Each structure stands twice: as C-alpha cells, then as structure tokens.
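Working notes, structure below.
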Amino acid sequence: MNPSNPTAPNAASLWSPLAQPAFRGLWGAGSLFFVGNAMQNMAASWLMIELTASSFLSALVQTASFLPMFLLSLPAGVLADTIDRRRLMLRIQGVYGLAALTLTLLALAGWIGPGGLLFFTFLLGVCTALQSPSWNSAVSDTVARTELPLAITLVSMTFNGARAVGPGLAGVLCLRDRAHSAEPSPLKPAVRTSCAKIAGEWRA
C-alpha cells in the first residue's frame with residue numbers, strides 16, 4: 001500500500017478561504033493596500049532625502065508612518081467594537097484616498113516641503129492605525145471558524161510579501177522617474193496650474 005502524501009491536503013486547503021467571495025474581495029483589496037502602503041512609505045523617505053538630504057528627516061518619515069499605530073491601537077480597537085466596521089472602514093479609506101491624492105498633487109506640482117510630507121505621512125499612518133483592528137475583525141466575519149487559521153495565514157503571507165515587494169516596486173519607479181527627470185514634461189506645470197486655480201476658487 002502506497003502511503004498518501006500528508007502535505008498535499010494541507011497545501012491545497014491553505015487557499016480554501018478564497019472560495020468565499022467576501023473573504024476573496026477583502027483579501028484582494030487588502031493585498032493592494034498593503035503593497036501600496038509599503039510603496040508610499042518608501043517613496044516618502046526617498047522624497048525626503050531629495051528635499052533635504054537629511055538621513056534624520058528620512059528616518060522621521062518612518063516614525064511619522066508607524067507612530068500612530070503605537071498611539072492609536074487601543075482607541076482603534078474600541079472603535080472597531082462599538083461602531084459599524086464597514087462604515088468605519090469606508091470613511092477611513094475615503095480620508096486616506098483624499099490625503100494620498102492631495103500629497104500626490106502637491107508632490108507633482110513641486111509644492112511639498114519637509115513639514116508637509118511629514119504631516120501627510122502621519123495622517124496616512126493615522127488612517128492605517130484606525131482601520132487595522134476593523135479590518136482584522138472583518139476577516140473573521142467572512143470565513144467559517146474552521147477556516148479562520150487558514151485565512152489569517154493568507155493575510156500574514158500577503159502582508160509580509162507586500163513589505164518585500166512594495167519597497168522594491170517603489171524603488172524601481174523612483175529610479176525610472178529620476179532617469180526621466182531631465183526631460184521636459186507638461187505634467188508638473190499642468191498640476192501646478194490646476195492646484196492654483198482650485199486654491200483661487202476656494203478663496204473666492
């Protein structure tokens with residue numbers, strides 16, 4: 001009698017939580033967020049070096065990114081237990097998206113400085129810290145109890161993979177941008193003009 005391979009069922013069952021549409025959507029969105037967040041942190045540190053050539057301020061970018069997680073873990077956990085998690089995550093993602101878009105436009109227009117970069121990095125870190133407990137709790141709502149350990153394993157694999165892939169992708173894009181920085185581009189003047197127009201209309 002040939003013994004069966006004991007690792008085959010475990011290897012196949014690792015992906016079984018993805019059969020649940022709710023978890024599959026949450027896992028896919030989380031994967032994109034993890035990678036994008038890692039890319040943003042890398043790009044922010046790179047930009048701070050280009051703006052100031054200060055290794056201290058570059059390290060301060062990482063502090064601004066991760067300090068909110070240390071400060072807000074307990075309050076965020078209370079919010080996750082007392083407020084509708086879905087609405088909370090949607091609102092936080094709205095603030096995150098608006099802050100990221102504003103930071104992008106200011107950077108493209110050349111209007112971002114060290115203080116502004118630290119502020120927006122801290123704000124994005126606050127959004128991540130406030131959202132994390134709700135997102136982690138939502139994982140348990142999308143799979144059966146027997147599949148929860150597998151779902152947590154998949155999320156952990158994605159998070160750790162994003163920490164490796166995200167900075168690498170950001171580095172490639174930053175190098176590509178630096179290689180083309182000497183070429184004239186209408187993008188920066190156009191963004192600067194648009195921002196000035198919006199600011200003028202806001203004051204009016």
Side-chain angles (χ1 to χ4, degrees), residues 1-44 62-101 103-104 120-173:
M1 182 176 62
N2 294 327
S4 59
N5 184 1
T7 62
N10 293 334
S13 63
L14 175 62
W15 308 100
S16 61
L18 295 176
Q20 304 295 330
F23 175 77
R24 187 167 61 245
L26 189 66
W27 179 79
S31 300
L32 293 176
F33 177 81
F34 293 151
V35 173
N37 193 50
M39 293 177 66
Q40 190 276 329
N41 288 332
M42 172 65 181
Q62 297 300 314
T63 302
S65 179
F66 294 105
L67 182 62
M69 189 68 71
F70 174 76
L71 297 176
L72 301 176
S73 294
L74 291 179
V78 174
L79 286 176
D81 291 335
T82 57
I83 299 179
D84 182 82
R85 289 194 290 264
R86 180 177 176 275
R87 293 183 178 179
L88 178 62
M89 287 190 292
L90 288 175
R91 291 173 181 174
I92 291 175
Q93 281 299 304
V95 175
Y96 189 102
L98 181 61
L101 177 61
L103 176 58
T104 300
F120 280 105
T121 301
F122 183 80
L123 179 58
L124 294 176
V126 168
C127 292
T128 302
L130 292 177
Q131 175 186 260
S132 293
S134 298
W135 193 90
N136 291 330
S137 298
V139 171
S140 62
D141 295 336
T142 58
V143 296
R145 185 181 297 271
T146 56
E147 293 184 333
L148 184 57
L150 299 173
I152 293 175
T153 300
L154 283 174
V155 172
S156 299
M157 289 172 55
T158 304
F159 177 75
N160 291 321
R163 294 175 63 184
V165 174
L169 289 177
V172 170
L173 292 177

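Nothing here was measured: the structure is a model prediction, and the numbers come from that model.
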What are the two closest heavy atoms between [X] and [Y], and how far apart are they?
X	Y	answer
Ala99	Phe120	O-CD2, 3.8 Å
Ala43	Ala170	N-CB, 4.4 Å
Ser140	Leu148	CA-CD1, 3.8 Å
Leu18	Arg24	O-NH1, 2.6 Å
Thr142	Gln20	O-CB, 3.7 Å
Ala76	Ala129	CB-O, 3.4 Å

Salt bridge (Lys or Arg N to Asp or Glu O under 4.0 Å) contacts touching residues 120-145 (sequence neighbours left out): Arg85-Asp141
Flag, side chain of [X] to backbone of [Y], donor-acceptor distance under 3.5 Å:
X	Y	result
Thr128	Leu124	yes
Asn37	Phe33	no
Ser137	Ser134	no

Would you compute the distance between atom [atom1] of [X] and atom [atom2] of [Y] and round it to the nearest 0.5 angstrom?
X	Y	atom1	atom2	value
Ile152	Met157	CD1	CE	14.0 Å
Met89	Asp84	CE	CG	8.5 Å
Ile83	Leu88	CD1	CG	5.5 Å
Glu147	Leu154	CD	CG	10.0 Å
Ser73	Leu130	OG	CG	9.5 Å

For the CG atom on Leu74, are there more than 12 heavy atoms of other groups (residues, nucleotides or ligands in this structure) within a distance under 6.0 Å? no
Show, in sequence, the C-alpha distance, side-chain angles and deciding distance for Thr63 and Phe70, and conclude whether the side-chain contact (heavy atoms from CB on, under 4.5 Å) test is met. CA-CA 10 Å; Thr63 302; Phe70 174 76; over 6 Å; no
Within the structure provided, determine whether Arg163 and Asn160 are in side-chain contact (heavy-atom separation under 4.5 Å). yes
Might you work through the side-chain contact (heavy atoms from CB on, under 4.5 Å) test for Val95 and Arg91, ending with a clear yes or no? CA-CA 6 Å; Val95 175; Arg91 291 173 181 174; 5.8 Å; no
Under the side-chain contact (heavy atoms from CB on, under 4.5 Å) rule, what do Trp135 and Leu26 come out as? Steps first, then yes or no, please. CA-CA 9 Å; Trp135 193 90; Leu26 189 66; 3.4 Å; yes
